[in-house]
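Below: the structure, in structure tokens.
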Amino acid sequence: MPAISLSRVTKTFGPKLAVDELSLEVSEGSIAVLLGPNGAGKTTTVRLITGALRPDSGSVHVAGFNASTQGGEVRSRCGVVPPKPAMYERLTGRENLRFAADVFGAGRKTIEGTAEKFGIAHALDTNVGGYSTGMRTRLALTRAFLHDPEILLLDEPTAGLDPESARTVLSLIMRLATEGRTVVLCTHLLHEAEGVADRVAMMAAGQARIVGSPEELANRFIGTPRVVIDVAKPENLNGFGTMDGFEIEADNGRGRLTLRLDSLDLVPDIVDRLVASGAKVRRVEPLGATLEDVYFEAQRQTKEPIHG
Amino acid sequence: MDNATMTQSFRLAWTVARVDLLRLFKSRDYWGPLLIVGLVFFVAIPAVALLTVTRIEASPLLVQVGEVLDGLTTRLDERAQTLPAQGRTAFALAVFLLAPIAVVVPLTVSSAVGAQSIVGERERGTGEFLAHSPLTVGQIYAGKLMASLIPGYLATLVGFGLYSIVVNVMAGGAVGGWFFPTAGWWALVLWVLPPFLAIAVAVIVRLSAKVRSTAAAQQVASLVSLPVIILAYGIAGGAVLDPTRAAVIIGAMAWVGAAYALIRGRRAFQRDVLLGLGDEG
């Protein structure tokens, strides 16, 4: 049974279609990334998952509970970090966390330890109004973890953070995600999803246009592996013609070739051939497809912008 | 719903109310002006009015006021009939003319809190946490009501106490001893005022869930408060005049009205009103 299951969910706000016949499944203990530009429907999807919003049609099930009719059960199992982690500014971090602990029945004893884990324990007795954006995000993560949720819904958790804080927060998320929780991470930043996602849903206009594991998507849209070869002198490449099993994708004219291969098994043969032609090979590097490659290739191939 | 569930539900609603009250307590710039309003109405105005009445003798104005009030006081209190003009005027001022302050101040306090109760959560973005929490909408609604009503009732009790001290100190000599609160005032404060406050807050919290900004909510709250103040002014007069019947009947009707307003307000309150506007990304 999937931890989260959305079946043909539609949600409108007046004339605006926010989520359109969205179907999505997230396996227990996996990390799913909802990738898409602002307005793609990611936040609405999170709100539908917790039952904070009710779908116009379709159904949402979380941990076996219907989010519309058993919302309390669903929400007690979820920890949510919203895109703008808002707190009560005039209260201290500790007072904000006490409130959350009381609401979720987590027990106030969990506050200190969880805050320590997220590196915010030192500021717990300071009013949140004096917190930096990074501190607020850490406090929001602490709040989301107080009740040890099975499912984490992280909606743009690095929004507004400087690169250093963003990296710290992402590494915290990665660490916590490896503890067996089901994680849904919403982001419009491709690099954030890179290396994190077990499953990616590329969203646009309220639809999950493309869904799959990064590997599946790379195979589907990038297909053949690529390799970059650097040689010492560009003229060494003059005699390097074509052979079966690869094609030259790019030649920068300064001794760097990007080849598209049928198989990485061809690499030794290619290197042998270059050496035989007198080239001094300085680098041979297979290129894995990044999510960015997949994203833009998917756009190109579907001839339909993923941007909503 | 069994007792344990009800207790748990109340505890969670109180958790919502408590955090709002804590925020209010910490917001000196918020309650400071309200405190000043309370002191002006409960202390300054009655002190000046009664000081003037009890210190200035043979003023034509005092005589005129005394004549007008004679008609009222004879129906009100046997003790007042035996007082000299100055005492009757002081008695009537304390009991009748300043009565609406018991309504104005708590209503101002409660409506100020209630107006931003829901829309404030939405504006700050803190409503997102409540919306994603396991709290039921009933618990959130009850918590918001409590957080709005408690400061109003507290203002009533503290202000009423202060007012009692002021009028007894200022006019006790002229009236012949401790005379306030009268039976009508007890009825007004403990039986008539609470349901009126509840009606106003129920309407204001409901409107707070509908408007788009705290400023708009405060405007609307003032529109709601005004007729309630006018109504309460008349009722206060009636209740004070005839505490045994008017207060009991009017209070009972107001409690029914309050129950209706609260039930309607709860039914109209939905979880999604807590979510931020314009960021349905």
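Naming: A, B, ... by sequence-line order, numbering from 1 per chain.
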Top contributor to chain B contacts, counting heavy-atom pairs under 4.5 Å, from A/Val103, A/Val19, A/Asn96, A/Thr50: A/Val103

message: Take a 6.0 Å sphere around CZ of A/Arg108 and say whether it holds more than 12 heavy atoms from other residues, nucleotides or ligands.
response: yes

- prompt: Of the listed residues (B/Val137, B/Val16, B/Thr126, B/Leu12), which shares the most heavy-atom pairs with chain A below a 4.5 Å separation?
  reply: B/Thr126

message: So for B/Leu22, is it side chain, backbone, both, or neither that comes closer than 4.5 Å to the heavy atoms of chain A?
response: both

message: I want to check something: taking the side chain as every heavy atom from C-beta on, are A/Asp102 and B/Arg18 in contact at a cut-off of under 4.5 Å?
response: yes

- prompt: What part of A/Asn127 lies closer than 4.5 angstrom to a heavy atom of chain B: side chain, backbone, both or neither?
  reply: side chain

message: Let me confirm one number: the CZ-CZ distance from A/Phe104 to B/Phe129, rounded to the nearest 0.5 Å.
response: 5.0 Å

field: Side-chain touch A/Glu95/B/Lys26, heavy atoms, less than 4.5 angstrom
entry: yes

query: Is the shortest heavy-atom distance from the side chain of B/His132 to the side chain of A/Arg47 under 4.5 Å?
result: yes

field: Region of A/Ala140 in contact with chain B, defined by heavy-atom distances below 4.5 Å
entry: neither

field: Residue pairs involving residues 52-61 of chain A (criterion side-chain hydrogen bond (donor to acceptor under 3.5 Å, both in side chains); sequence neighbours excluded)
entry: A/Thr12-A/Asp56

- request: Go through A/Gly206, A/Ala52, A/Gly79 and name the one with the most non-hydrogen pairs under 4.5 angstrom from chain B.
  value: A/Ala52

query: Which heavy atom of B/Leu130 sits nearest a heavy atom of A/Phe99, and at what distance?
result: CD2-CZ, 3.8 Å

message: Report which part of B/Glu121 has an atom under 4.5 Å of a heavy atom belonging to chain A: side chain, backbone, both, or neither.
response: side chain

message: Can you confirm whether A/Glu28 is buried at CD, in the sense that more than 12 heavy atoms of other residues, nucleotides or ligands lie under 6.0 Å from that atom?
response: no

task: Please check if atom CZ in B/Arg11 has more than 12 non-hydrogen atoms from other residues, nucleotides or ligands closer than 6.0 Å.
output: yes

Closest non-hydrogen atom pair between B/Glu128 and A/Pro82, with its separation: CG-CB, 3.6 Å

query: Step by step, would you call A/Arg90 with B/Tyr30 a side-chain contact (heavy atoms from CB on, under 4.5 Å)?
result: CA-CA 12 Å; A/Arg90 298 194 187 232; B/Tyr30 194 75; over 6 Å; no

